[in-house]
Amino acid sequence: MRERDSGLSLFAIALLIAVQAPIPAIAQIGSTAIFSLEQVRSYPFPNELVASSTGARIAWAFNEQGRRNVWVAEAPDWRARKLTNYETDDGQEISSLSISPDGRWVVYVRGGDHGANWDDSLPVNPTSSPVPPKVAIWSVPFAGGEPKMLAEGDEPVISPRGDQVAFVRDRAIWVVPIDGSAPARKLFTARGDNGSPVWSPDGDRLAFVSNRGDHSFIGIYTDERTPILWIAPSTSRDTHPRWSPDGKRIAFIRRPGTGGPPEPILEQRPNRWAIWTADVITGEARLLWESPNALRGSFPTTDGGPNLHWAAGGRIIFLSYMDGWPHLYSIPEAGGEPLLLTPGRYMAEHISLTPDKRFLVFAANTGPDPDDIDRRHIVRVPVDRAAPEVLTPGTGLEWSPVVTGDMQTIALISATAQRPPLPAVMPFNGGSARLLAEDRLPQDFPAKQLVTPKKIVYRAPDGLEIHAQLFMKEGVSGRRPAIVYVHGGPPRQMLLGWHYSDYYANAYALNQYLASRGYIVLSVNYRLGIGYGYEFHNPPRAGSRGASEYQDIKAAGEYLRSLPEVDPRRIGIYGGSYGGYLTALALARDSSLFAAGVDIHGVHDWTGERARPLLEPRVEKAPDLDEALRVAWASSPVSSVATWRSPVLLIHGDDDRNVRFSQTVDLIRRLEKAGVKCEELVIPDDTHHFMRYANWLKVDKATAAFFDRVFMGTQGGSR
Ligand SMILES: CSCC[C@H](NC=O)C(=O)N[C@@H](C)C(=O)O
């Protein structure tokens, strides 16, 4: 990590902080860690949990200190079994995991960074290998054996017959035998960017989306002798094709095509959408439902978007925010009023339809405990009755439920405030969950040393209720340094336990590590986040439109300053991505409150990011373009460098495909000119999500060591 020689050393700054006006005994921390970062980061992180559509087989991906592998289990013993043998921390993620309908094959994609906002000409290559790895589709027998690379490509979907895999490569749809017995072949050639393949229930046809820039069609491929059937082609953007169980019809989402006069940038407007159904022989379609012309009716942007499913009993399922919460609805395929299946002040997330298409299972921040709003539990609801049932109440957290083909078992991922996430199974009709692969949690994982974060609610200056989690180790005397943690996204919610995202599980681990060393940590669920309703998730004048969410961050610092346990001169802040943006904004605007910060791949100049579409050479400009650019600049940390005083560590991977690396290069130049003490840690060739475990460790250690240096005056790194 390089220290920019633009001012006092961090040690001198620490000395300055320590010798100011006398404060009751200042707790000495930092050197008394009771566990190492390696220990608290040694958990195996599970994701991609799937079940076979027949029988009782499940599969998931485990990331064990960077070694990502496919694991499986099956009834009745549910013994966890490792199916692949990738043994290096090479940053190659596993995604699009699926099991063939007959349960015989597991298919997955290896490589890439599927959380990226844009792609690069070169594949993700965080080990800087001279020969970059490929994004490729693999299959392996569920019973075990050598994985076989089927083809370079992505978005694999196994045919209902279980014999072949459709996938996307070079803006086209290809197929390949699931056993790799023959090379892949392009299924057809069509104009546009063709993707999102969905097999018909009998496996004879394939629905897909043909993206043509400002509009898109739904197409039906039958065979090489039959012309592609375009479903009700229009100037709209048609997406999300879903087959009816009998394979005779398709439901899809229709939104207006992009075009028309530029809309005002600073105003919030409804983003309208509709559900249509079509006959797959004639291609004729009709409107089934259209969203209300209100902000809450906008196309949903939470997990799974519209979550469109064609369920049993002629019901079509979708998700909408129209009652103020991301809720599930059911509408007769013939039309009519949508039935609200999940009433209540909570969000439905990680939604899946059961194999018999009669129930939905999902994760929700609801349950008998008022603190459940900051947790997740598994809920089940029939597709035709508003009778949701919380199946996993308690102080644990559960998510990503899937039901096995025999309808007997729900597989899920379970965690607590102390125990990291693990796959689990429970009876579909309710009962206790049984953990799988517990032995993969290292013996020396410090579960018992982790604090239980406490739910804190405070009010922002404009009165909005803000939830946060306070990590405070007991038994530390004297005033201590405190740190505000700011999540990214921003549509995210930090929880009263381990998080379901690998990015935020890492943040949870680091917050626990900092707390174990005596820091008081406050993780803030600021507006723009999810879990607290539509208006909280979509506040006016936020981000580049005025940074209204910043008041929640400043209020978090003021909340910490009000605590008797906190040394008001040693309040820090850190966060990644959007959290890095708000960290930089806090240091730029309020260095008197925030004495130091760590900004991980943050956005620092909205005009640079946002200006691109705004500055396109167009005769027609948005009516409020000049005002929007002024506001975007004022909402950017770079516009407040003149008042930036506190030391900062800036961290960025230079193959970042979510926030341009240039955002940090530019800010450092500005801070140097302004004489602000800044350090930098650059991770070459890794992305926004630090695909390598070794790089996460480097980032976490640098973050903790930086705060130790500034607040403790320790010269060394953290343990
Ligand atoms: C224009 S800000 C981009 C922030 C970024 N969002 C998506 O790329 C981000 O916060 N990423 C991670 C951390 C996340 O999505 O949670």
Side-chain angles (χ1 to χ4, degrees), residues 45 47 93 95 112-120 124 265 301-305 349-350 399 485-495 498-511 523-531 537-539 542-550 552-553 573-586 598-614 628-629 631-633 635-638 650-664 666-667 683 686-691 695-696 699-700 703:
F45 186 80
N47 63 6
E93 78 175 350
S95 60
D113 173 358
H114 291 76
N117 287 342
W118 65 80
D119 222 336
D120 191 305
V124 167
I265 295 163
T301 56
T302 52
D303 175 67
E349 200 177 35
H350 301 161
W399 57 84
Y485 171 70
V486 189
H487 67 70
R492 306 288 179 260
Q493 179 186 17
M494 296 308 284
L495 306 170
W498 285 90
H499 200 274
Y500 50 81
S501 134
D502 52 1
Y503 190 96
Y504 295 109
N506 173 75
Y508 186 81
L510 181 52
N511 290 338
S523 175
V524 189
N525 287 341
Y526 56 93
R527 73 190 75 189
L528 280 173
I530 55 176
H537 180 183
N538 299 275
S544 62
R545 295 178 170 86
S548 58
E549 74 281 10
Y550 174 66
D552 307 340
I553 306 303
I573 183 167
Y574 88 100
S577 201
Y578 204 93
Y581 156 62
L582 290 169
T583 294
L585 200 59
V598 180
D599 163 358
I600 305 165
H601 44 229
V603 173
H604 309 120
D605 179 355
W606 285 118
T607 59
E609 286 296 304
R610 287 187 50 77
R612 196 162 300 104
L614 304 174
L629 279 173
V631 170
W633 174 257
S635 307
S636 301
V638 292
L650 296 171
I651 301 174
H652 214 132
D654 90 318
D655 185 16
D656 196 315
R657 305 176 184 199
N658 296 69
V659 175
R660 297 191 191 291
F661 185 70
S662 57
Q663 289 281 334
T664 291
D666 173 68
L667 178 61
I683 311 277
D686 211 334
T687 71
H688 198 69
H689 301 95
F690 298 123
M691 305 307 286
N695 288 333
W696 265 124
V699 169
D700 292 347
T703 300

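Start at 1 and go down the list; that is how both ligands and their atoms are numbered. Because the structure is a prediction, the values reported are computed rather than measured.
Of all the heavy atoms of R492, the ones lying under 4.0 Å from any atom of ligand 1 belong exclusively to the side chain.
Test D119, D686, D113 against R657 for salt bridge (Lys or Arg N to Asp or Glu O under 4.0 Å) and you get one pass: D119.
Polar contact with ligand 1: present for Y504 (N/O pair, distance under 3.5 Å). For G576, no nitrogen or oxygen atom sits less than 3.5 Å from a nitrogen or oxygen atom of ligand 1, counting backbone and side chain alike. For H689, no nitrogen or oxygen atom sits less than 3.5 Å from a nitrogen or oxygen atom of ligand 1, counting backbone and side chain alike.
In summary, the atoms of ligand 1 found under 4.0 Å from a heavy atom of W606, numbered by their order in the structure, are 1 (C). For ligand 1, the atoms lying closer than 4.0 Å to a non-hydrogen atom of G488 are 10 (O), 16 (O). Listed by number with element, the atoms of ligand 1 under 4.0 angstrom from any heavy atom of N658 are 7 (C), 8 (O). Near Y503, the atoms of ligand 1 lying under 4.0 angstrom from a non-hydrogen atom of the residue are 13 (C). Near Y578, meaning under 4.0 Å from one of its heavy atoms, ligand 1 places the atoms 2 (S), 4 (C), 10 (O).
Atom NE2 of H689 and atom CG of N658 lie 4.5 Å apart (nearest 0.5 Å).
Side chain to side chain, H604 and D599 meet the donor-acceptor criterion of an N or O pair below 3.5 Å. A side-chain donor-acceptor contact under 3.5 Å links N511 and Y574.
Remark: aromatic rings of F661 and H652 are close, center separation under 6.0 Å. Ring to ring, Y503 and H487 are not that close: their centroids are 6.0 angstrom or more apart.
Evaluated by nearest non-hydrogen atom to atom 7 (C) of ligand 1, the leading choice among V659, I600, V603, N117 is N117.
Below 30°, between 30° and 60°, or above 60°: for Y485 and Y504 the angle between ring planes is above 60°, a perpendicular geometry.
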